[in-house]
Amino acid sequence: MSTNVEGLLLEGLKVLDLSQGIAGPYCASILLQQGADVVKVEPPAGDWARGTRGARDGFSPVVIAYNAGKRGLCIDAGKPDGRAVLARIAAQVDIVIQNFRPGVADRLGLGYDTLKQHNPGLIYLSISGFGTEGPYVKLPATDGVMQAMTGMMVANRDADGTPRRIGLYLADIAAAMYGSQLISAALYRRALGKPGTGGRHLQVTLLETCAALQACNILESAMQNASGQAPAAAGPPTAPSGIFRTADGLLMLSALDDAMFERTAKAIGRTDWISDSRFSTTALRLAALDELHAGVAEQLALASTAQWQTRLTEADVLHGRVNNYAEFLADPATVQAGLFAPVEQAGIGVMPAARHPDSVRMTLGAAPAIGEHTVDILQQFGYAAHEIDDLLQRKIAIAR
């Protein structure tokens, strides 16, 4: 990471990232892009995410996206001396992030109660599927499992009512964001310097994350059940609202209220809809959804996406071109805002790494290879040359 931005919010803070996968690493990545120095710890076999879809030479999209700019330390925590190294480093950092299954960190001697004895101000985040209590404590939890069991797939059902997985690691990503917010709140409380405002053990579960993330949807369902109403059908909350084909592409269009419906009708050349009593309210328009959508589709097919964007912009109608990721990267708004940092990943080439909001001027380094910075990190945390040589020779630490 290059600190070419003055006044980064978390500059000077040290983070020990013991996590693997997505939720923990992304949480640490958010802190990194706010200025923290993040040490990414991996076992000799590496983060399991290195073997996920799209991997090349040990670097998968998941690893690059959520570890770019970190420094890599490889330690064999299966050995007592390896665990001792991590405990020694943890005594010198501000934040530790881990996503072991409940109880594992404690058995390794890396739990909060153990580490806080040598670092009373430590902020320690545990991320798990179900927490430390309840019927599912011992069950593995993945993003897909959580989407299934928390209703998220039903919320994303298709028009026939078939549940569908959302095509993002949404549970993991949201857990990372909630975790980073909790860490920021704990840092603020620690900074107050009042009695009892030192270290903190923070806990985030994927289960509670998915509940909080879907608060509105769950309340809507509960209110429908309480009133005896049938569950809302899959589909848009207003009409017309959807994705339509233009002469050369796809366009999302949505009329949120009566005024926007009138502006939409004018913009696409269907002014007859304005005086049609069948379309006078949102409820009536939803009842006539198929007819309205057929009419919108017929009109939008007559001109290009760019032409419709101009007309709908002038009419102040909610719309957006449907881009794939390559088109999103090339979009003038994306380029102007500097949303992506070019990251030179060894063996792969220049990759686009999304910058964290309010960190758009930061230059990100590549995701580290396993143990890429082991020697430098051990030196930083007070290990003498002969100690480092001993750790390397005994394969407690691994440098690549």
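All residue numbers refer to positions in the sequence shown, counting from 1. Every value quoted in this text rests on a predicted model; they were computed, and no experiment measured them.
Counting non-hydrogen atoms of neighbouring residues, nucleotides and ligands closer than 6.0 angstrom, the CZ atom of F340 exceeds 12 such neighbours. Annotation: M177, atom CE; neighbour count of heavy atoms from other residues, nucleotides and ligands within 6.0 Å does not exceed 12. Residue-environment remark: NZ (K79) exceeds the threshold of 12 foreign heavy atoms within 6.0 Å. Dense packing is recorded around CZ of R164, with more than 12 heavy atoms of other residues, nucleotides or ligands lying under 6.0 Å away. Within a 6.0 Å sphere centred on CD of Q336, other residues, nucleotides and ligands contribute 12 heavy atoms or fewer.
Nearest approach of S180 to L31, heavy atoms of both residues: CB-CD2, 4.3 Å. Of all the heavy atoms in H373 and K70, the pair that sits closest is CE1-O, 4.0 Å.
At a threshold of 4.0 Å, the pair R88-E387 counts as salt-bridged, since one of the basic side-chain nitrogens sits closer than that to a carboxylate oxygen. Between R263 and D316 there is a salt bridge, since a side-chain N of the basic residue sits under 4.0 Å from a carboxylate O of the acidic one. Between R394 and D81 a salt bridge is recorded (basic side-chain N to carboxylate O distance below 4.0 Å). Residues D258 and R285 are paired through a salt bridge, judged by an N-O separation under 4.0 Å between the basic side chain and the carboxylate.
Side chains of D143 and M146 form no contact here, defined as non-hydrogen atoms less than 4.5 Å apart. Residues L125 and I183 have side chains in contact (heavy-atom distance under 4.5 Å, counting atoms from C-beta outward). Side-chain contact between L13 and D37 is absent, with no heavy atoms from C-beta onward closer than 4.5 Å. In this structure, W308 and I268 have side chains that are in contact, with non-hydrogen atoms separated by less than 4.5 Å. A heavy-atom distance below 4.5 Å is found between the side chains of S126 and Y124. Under the 4.5 Å side-chain criterion, counting only non-hydrogen atoms from C-beta, L108 is in contact with F100. With contacts defined as side-chain heavy-atom distances shorter than 4.5 Å, the pair T209/V204 qualifies. Inter-residue side-chain proximity for V41 and L16 is flagged as met; some heavy-atom pair is nearer than 4.5 Å.
F59 and L32 fall into different hydrophobic clusters, where Ile, Leu, Val, Met, Phe, Trp and Tyr residues are linked whenever their side-chain heavy atoms come under 4.5 Å apart, directly or through other members. In the hydrophobic clustering of ILVMFWY residues, with side-chain heavy atoms under 4.5 Å counting as a link, I30 and L187 come out apart. In terms of hydrophobic clustering, with Ile, Leu, Val, Met, Phe, Trp and Tyr side chains grouped at heavy-atom distances under 4.5 Å, W48 and I370 are assigned to different clusters.
Within the cation-pi definition used here (under 6.0 Å to the ring centroid, within 45° of the axis), R101 does not qualify as a partner of F130.
Atom CD of Q147 is separated from atom OG1 of T142 by 9.0 Å, given to the nearest 0.5 angstrom. Taken from CG in L364 to CD1 in I64, the straight-line distance is 12.0 Å, to the nearest 0.5 Å. We find the CD1-CG distance between I398 and L392 to be 9.0 Å, quoted to the nearest 0.5 Å. Distance CD1/I388 to CD/Q393: 12.0 Å, rounded to 0.5 Å. Taking OG1 of T150 as the start and CD1 of I218 as the end, the distance is 7.0 Å to the nearest 0.5 Å. Rounding to the nearest 0.5 Å places NE2 of H356 at 8.0 Å from OG of S29.
Using bins of under 30°, 30° to 60° and over 60° for the plane-to-plane angle, the ring pair Y66/Y26 lands in the tilted bin.
At a cut-off of 3.5 Å, with distance as the only test, a side-chain donor of T52 or S60 sits close to an acceptor on the other residue. Inspection of the S304 and Q307 side chains reveals an N or O donor paired with an N or O acceptor under 3.5 Å. In summary, the side chains of Q380 and R71 do present a donor paired with an acceptor at a separation below 3.5 Å, with no hydrogens or angles considered. Side-chain contact of T246 with T305: a donor-acceptor pair under 3.5 Å is present, judged by distance alone.
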*Show your reasoning for whether salt bridge (Lys or Arg N to Asp or Glu O under 4.0 Å) applies to D331 and R321.*
CA-CA 10 Å; D331 190 287; R321 171 178 167 166; over 6 Å; no

